[in-house]
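Heads up, the thing below is written out as structure tokens.
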Amino acid sequence: MIKKIEINEDVIKKVKKGKYVEGSLRIDAETGQLTFRAWNRQPRNKKPDKLICELETGWLKESAQRVKFFSSVKKSLSVSRVYQAMDDDLFEAMQNLKVVRN
């Protein structure tokens, strides 16, 4: 079966430049023709997070809307050592956050 597909000229130009075009293929309700509609993909213009401090087992970062804390400790340590390491990291992170915010 041979079907004719209606494709926008902008899509053809992008394909000729060697770019990929993602979209959906559907039958138009008004015309009844098979139509390709390209998705409008926009690049993310996100600023990278600002590192407030590097911790012994993680980091403290600040984004436009959040303050992020990360701590990663080996599972081979005892529960009390994991608790102590994460508690120390959190205490240091909070001290650095106070300095940055004031």
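Just so it is clear, the values below take in all heavy atoms, side chains as well, and ignore hydrogens, waters and symmetry mates. This one's a predicted model, so the numbers in the text were calculated from it and none came from an experiment.
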Residues, nucleotides or ligands: over 12 heavy atoms within 6.0 Å of Gln95 CD: yes

Taking the basic N atoms (NZ, or NE/NH1/NH2) and the acidic carboxylate oxygens, is any pair closer than 4.0 Å for Glu22 and Arg41? yes

If you take all heavy atoms of Lys74 and Val82, which pair is closest and at what distance? O-CG2, 3.9 Å

Beyond-backbone contact of Arg37 with Arg26, side-chain heavy atoms, under 4.5 angstrom: yes

Check whether Leu60 and Phe70 end up in the same hydrophobic cluster, where Ile, Leu, Val, Met, Phe, Trp and Tyr are linked by side-chain heavy atoms less than 4.5 Å apart. no

Between Lys61 and Leu51, the two heavy atoms sitting closest are CG-CD1, 3.9 Å

Quick check on the hydrophobic clustering: are Met94 and Val67 connected, directly or via other members, by side-chain heavy-atom contacts under 4.5 Å? yes

Whether Thr35 side chain and Gln33 backbone form a donor-acceptor pair below 3.5 Å: yes

What distance do Tyr83 atom OH and Asp88 atom CG have between them, rounded to the nearest 0.5 Å? 10.0 Å

Test item: Leu34 and Lys4 side chains (from C-beta on) under 4.5 Å apart, heavy atoms: no

Which heavy atom of Leu55 sits nearest a heavy atom of Glu92, and at what distance? CD2-CD, 3.8 Å

Rounded to the nearest 0.5 Å, the NZ atom of Lys68 sits from the CD1 atom of Ile52 at a distance of 11.0 Å

For Ala93 and Cys53, which heavy atoms make the closest approach, and how far apart are they? CA-SG, 4.2 Å

Test side-chain contact (heavy atoms from CB on, under 4.5 Å) applied to Phe69 and Asp89, step by step: CA-CA 9 Å; Phe69 169 75; Asp89 277 351; 4.1 Å; yes

How close do Val21 and Lys14 get, counting heavy atoms only, and between which atoms? CG2-CB, 3.8 Å

Answer with yes or no whether the hydrophobic clustering places Ile27 together with Ile7; edges join I, L, V, M, F, W, Y residues whose side-chain heavy atoms lie under 4.5 Å apart. yes

Give a yes or no on whether Leu25 and Val15 share a hydrophobic cluster (residues Ile, Leu, Val, Met, Phe, Trp, Tyr; joining criterion: side-chain heavy atoms under 4.5 Å apart). yes

One should read off an interatomic distance between Asp28 CG and Glu6 CD, to the nearest 0.5 angstrom, of 7.5 Å

Closest heavy-atom pair, Ile5 versus Phe36, reported as atoms and distance to 0.1 Å, is CG2-N, 4.1 Å

Please determine, by modelled atom types, if Thr57 and Ser71 share a side-chain donor-acceptor pair under 3.5 angstrom. yes

